[in-house]
Enquirer: 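What follows is a single structure, and I will ask about it in a moment.
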Amino acid sequence: MENKIIPVFFAFDGQNKENIINLVKKLRNENDSYKLHVLYKGEFYGFDDLDVTSIDVSEYIKDSSASFFKFAIPKVCDFEKAIYINVNSIIEHDIKTLYNTDLKTQYVAAFHNTAFDSETMTSYTEDVLGISHHVYVSDDVLILDINGLKKSKMYERFALYYDFCSFRVNPSEALFNLSCKDHILVIGTTTKETSESDAILEIQDENSFLNKWNREKRAKDRVDVVKKIADFEKEGIFDQDVEDDVPGRMIMPDEIEYIKKSPIDKIKANIAFKMAKKFYYKLEKKRQVIVNPEIKGLQNFKNLDTGAVITCNHFNAMDSFAMHWTYMQSKQKKRKLYRIIREGNYTSFPGFYGFLMRNFYTLPLSSNHKTMKKFMDATNTLLKTGHFVLIYPEQSMWWNYRKPKPLKPGAFSFASKNQVPVLPIFITMKDSDVLGEDGYYVQEYTIHIGEPIKPNPEFNVRENTEYMLKENERIWQEIYEKEYQIPLEYTSETFEI
């Protein structure tokens, strides 16, 4: 049987010829058919009788250091997948095994550099680069999904960052981690020593990458929101919104019917549904909202045969549209999806949004005791009669916050009292290839639906409320840690997981 061709790329700096020759000979002695490529700039004299393809990357790379040549691979490679090897490093891995790595949904596989787990280097990666130290990787050996890197515009992002800022600590490696942020699969660990003194200088530099990017490229109001989120997390304040809510008035009991029954109510609800659908697809077309079409665990939604409380993390005003899209994909046409909203959202939004808030199957909370009695009765009735109620149990919206926040018991109390399951949904995010006008990359959402959490028949209402809340937290944490490849950690000293 003919061996599978494995494309391998090296970078030639004019001084590492012997290293390349030795590695090429080693690979040629193996049984697999390697297609070997040498990236270079300027003059190139070949490698005697070695069968390698030379590629001049001068068109794509300004820097003369060979460590930057790898950024040109998506531009010059005709294969779907490739290996990059820094021949100046000690390579202890089997190349064939590396090439066969399943990249899953990521575009790069690499080894986490444990030298960045120290206190200083953790501060460097997170405060200077904006990347978790847990997923900071060495660039000595890389498995590359070429089509994925082209799709994510890795080269374009590298060129943007290269022109914008300089780096003291392993410049090419820092740029690689930034350019491939959210698209790297960690497949093991390695230790590549670096200078902590250089890292300290960058941490203290007001013109270091993240400081400069926030100051010159990002909208101030968004930067302030992100800072406020960080402050709230440190203080252990998780249940307050970081942005000002629309001021609202009290909903009186005689001005609302929570369950749409009259013909005019049903007509308005139908109009609102069509308006919301059209609006969502418009956002999607403009790539202002990007949702991964593959919903993980969709069968858990499809297989529900009772009413259910649906929980979801809350990080954007638009995540409600993503949740309704998920509901439509479940094809649960006989069961409607209602969503609990703030009182102010119902009473104070004008125009298009106001019409949706008042007519698109919403259940507004109220500061009026009698209205809340109607709310409670309606919610219980909907759950008992087989419908779905979406509740954001974190009780706050933090813009683009990726961690699950501590949960409030209300959603689980409803499920416990009505003996219906909780369907836990957690949405993860990745930087897309779209740089928004606010200087942040538009987030690509992936929707994860966990298995329904059913009430335990041996528990009372209070015990089931606590049990289902803890199970929901466990499922969300499991999804978070698996998808982001990092442990769930908070900066707060007053809150424990």
Enquirer: Tell me whether the centres of the aromatic rings in H37 and F9 are closer together than 6.0 Å.
Expert: yes
Enquirer: Give the C-alpha distance, both sets of side-chain angles, the deciding distance and a yes or no for side-chain contact (heavy atoms from CB on, under 4.5 Å) between I486 and Y480.
Expert: CA-CA 8 Å; I486 57 179; Y480 172 87; 3.3 Å; yes
Enquirer: Below 30° counts as parallel, above 60° as perpendicular, anything between as tilted: where do the rings of F273 and F360 land?
Expert: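 It falls in the tilted class, 30° to 60°.
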Enquirer: Flag the pair H133 / Y136 as yes when their ring centroid distance falls below 6.0 Å, and as no otherwise.
Expert: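 Ring-ring flag for H133/Y136: false, centres at least 6.0 Å apart.
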Enquirer: Let me confirm one number: the NE2-CG distance from H93 to L98, rounded to the nearest 0.5 Å.
Expert: 6.5 Å
Enquirer: Is it the case that S320 and R339 place a side-chain donor and acceptor less than 3.5 Å from each other?
Expert: yes
Enquirer: Would you say the ring centers of F352 and F279 fall short of 6.0 Å from each other?
Expert: yes
Enquirer: Nearest 0.5 Å, please: how far is CD in E483 from NZ in K296?
Expert: 4.0 Å
Enquirer: Between L149 and Y155, is there a side-chain heavy-atom distance shorter than 4.5 Å?
Expert: no
Enquirer: Run the side-chain contact (heavy atoms from CB on, under 4.5 Å) check on Q106 and Q485 step by step: do they pass?
Expert: CA-CA 12 Å; Q106 305 292 54; Q485 306 176 82; 3.8 Å; yes
Enquirer: Rounded to the nearest 0.5 Å, what's the gap from OH on Y441 to OG on S152? Could you check?
Expert: 10.0 Å
Enquirer: W399 and ring pair (Phe, Tyr, Trp, His ring centres under 6.0 Å): which single residue from F315, Y440, F232 fits?
Expert: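 Answer to the ring pair (Phe, Tyr, Trp, His ring centres under 6.0 Å) test with W399 among F315, Y440, F232: Y440.
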Enquirer: Mind checking the CG-OH spacing from L144 to Y107? Nearest 0.5 Å is all I need.
Expert: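 Separation between the atoms: 13.5 Å.
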Enquirer: To the nearest 0.5 Å, what is the distance between CZ (R218) and CG (L210)?
Expert: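 That separation rounds to 6.0 Å.
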Enquirer: Apply side-chain contact (heavy atoms from CB on, under 4.5 Å) to the pair R402 and D182, showing each step before the final yes or no.
Expert: CA-CA 12 Å; R402 296 187 174 189; D182 290 345; 2.8 Å; yes
Enquirer: Check whether the ring centres of F238 and Y401 lie less than 6.0 Å apart, and answer yes or no.
Expert: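 No, the ring of F238 stays outside the 6.0 Å limit from the ring of Y401, centre to centre.
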